[in-house]
S.K.: 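Handing you this structure, nothing more for now.
Below, chain A is the first sequence line, B the second, and so on; all start at residue 1. What you see is a predicted model; the values in this text were computed from it and never measured.
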Amino acid sequence: EVQLVESGGGIVQPGGSLRLSCAVSGFTLSSYWMHWVRQAPGKGLVWVSRMNGDGRFTTYADSVKGRFTISRDNAKNTLYLQMNSLRPDDTAVYYCARDSLPGFDSWGQGTLVTVSS
Amino acid sequence: QSVLTQPPSVSAAPGQKVTISCSGSSSNFGNYYVSWYQQLPGTAPKLLIYDNDKRPSGIPDRFSGSKSGTSATLGITGLQTGDEADYYCGTWDSSLSAAVFGGGTKLTVL
């Protein structure tokens, strides 16, 4: 069974940092593009970043470029999102998602990041 | 606002049919497949349709998708109260070099 489990969310002050993790099981992480998607409270889905299977290719939304870094450790079956210089408008539930079929065919349950003083 | 345009809400009675539209542009729908996602209250999104009109394993054939030019449509027949959810279209945009979603459509089954 394919599973994605995010962790690392929490409350952080503006300007602070957090690292999110997405532990996967049931498939070979290195075979898939992986994405981060976020959803602010009561709002819609917003794509954040993606990385290819071997970790050599990444893309970011303009809103997070230069502040967020996506990475992966295929040996640990884990995807990461390092978030620096956090702002209140980064407050959201962050989902990791597998890119297949094509389409985001598997999603984690999400982890809540709250940026507030 | 979102790159892809969806109506904020639609409603229909149980057993009826509803369609949800999604409008894009040549830089997204013109070049890429559309996907549709269902998000039940308090849960993560779930893939309903991929490649414009294909259903993943386990998705009932009450759900259908189509695409024509720069527009796409999700259809749901035999509406059930359990279909009440937010529905999102999504694709890739070559101009933005980013995945994009519609703003979401809230389905109410009256």
Side-chain angles (χ1 to χ4, degrees), chain A residues 1-7 9 20 22-24 26-27 32-52 57-66 68 70 81 89 92-112, chain B residues 1-9 20 22 28-29 31-59 63 65 67 72 74 85-107:
Chain A
E1 180 190 6
V2 170
Q3 284 194 320
L4 296 80
V5 179
E6 300 94 338
S7 60
L20 306 183
C22 171
V24 310
F27 66 98
Y32 294 89
W33 284 79
M34 295 294 295
H35 300 249
W36 287 97
V37 176
R38 69 185 181 184
Q39 186 171 35
K43 302 297 184 181
L45 302 174
V46 176
W47 176 81
V48 173
S49 181
R50 69 170 181 171
M51 174 173 269
N52 75 328
F57 188 80
T58 61
T59 316
Y60 298 91
D62 286 345
S63 59
V64 307
K65 205 171 292 183
F68 290 12
I70 189 172
L81 186 68
D89 62 357
V93 173
Y94 284 74
Y95 297 100
C96 59
R98 186 179 79 167
D99 189 343
S100 183
L101 296 181
F104 299 156
D105 73 326
S106 298
W107 298 66
Q109 85 288 351
T111 187
L112 177 62
Chain B
Q1 64 240 29
S2 303
V3 172
L4 306 180
T5 302
Q6 297 180 235
S9 63
I20 298 173
C22 178
N28 42 68
F29 282 177
N31 294 308
Y32 299 97
Y33 296 113
V34 63
S35 302
W36 288 92
Y37 303 89
Q38 177 194 59
Q39 188 175 33
L40 297 169
T43 70
K46 174 184 176 182
L47 181 65
L48 277 183
I49 298 290
Y50 68 98
D51 265 9
N52 302 331
D53 58 7
K54 297 179 177 58
R55 291 185 309 276
S57 173
I59 301 300
F63 296 90
K67 183 186 132 182
L74 173 70
D86 293 321
Y87 292 83
Y88 296 89
C89 56
T91 187
W92 186 260
D93 189 290
S94 56
S95 294
L96 298 173
S97 292
V100 292
F101 294 97
T105 299
K106 182 175 182 62
L107 170 63

S.K.: I need the B/Ser97 OG to A/Arg50 CZ distance, nearest 0.5 Å.
M.R.: 7.5 Å
S.K.: If you look at every heavy atom in B/Tyr33 and A/Pro102, which pair is closest and at what distance?
M.R.: CD1-CG, 4.1 Å
S.K.: Can you tell which part of B/Thr43 gets under 4.5 Å to a heavy atom of chain A, answering side chain, backbone, both or neither?
M.R.: backbone
S.K.: Anything under 30° is parallel, anything over 60° is perpendicular, the rest tilted; go ahead and classify B/Tyr37 against A/Trp107.
M.R.: perpendicular
S.K.: What distance do A/Asp99 atom CG and B/Trp92 atom CH2 have between them, rounded to the nearest 0.5 Å?
M.R.: 9.0 Å
S.K.: Can you tell me how far the OG atom of B/Ser57 sits from the CG atom of A/Asp105, to the nearest 0.5 Å?
M.R.: 11.5 Å
S.K.: Just how far is it from atom OH of B/Tyr88 to atom CZ of A/Phe104, taken to the nearest 0.5 Å?
M.R.: 14.0 Å
S.K.: Which one wins on heavy-atom pair count under 4.5 Å against chain A: B/Gly102, B/Pro45, B/Ser2?
M.R.: B/Pro45
S.K.: Which of the residues B/Gly90, B/Ala99, B/Ala98 is involved in the greatest number of heavy-atom pairs with chain A at under 4.5 angstrom?
M.R.: B/Ala99
S.K.: Under 4.5 Å from any heavy atom of chain B, what part of A/Val37 do you find: side chain, backbone, both or neither?
M.R.: side chain
S.K.: Considering all heavy atoms of both residues, which atom of B/Ala44 and which atom of A/Gly108 are nearest to each other, and what is their separation?
M.R.: CB-O, 3.1 Å
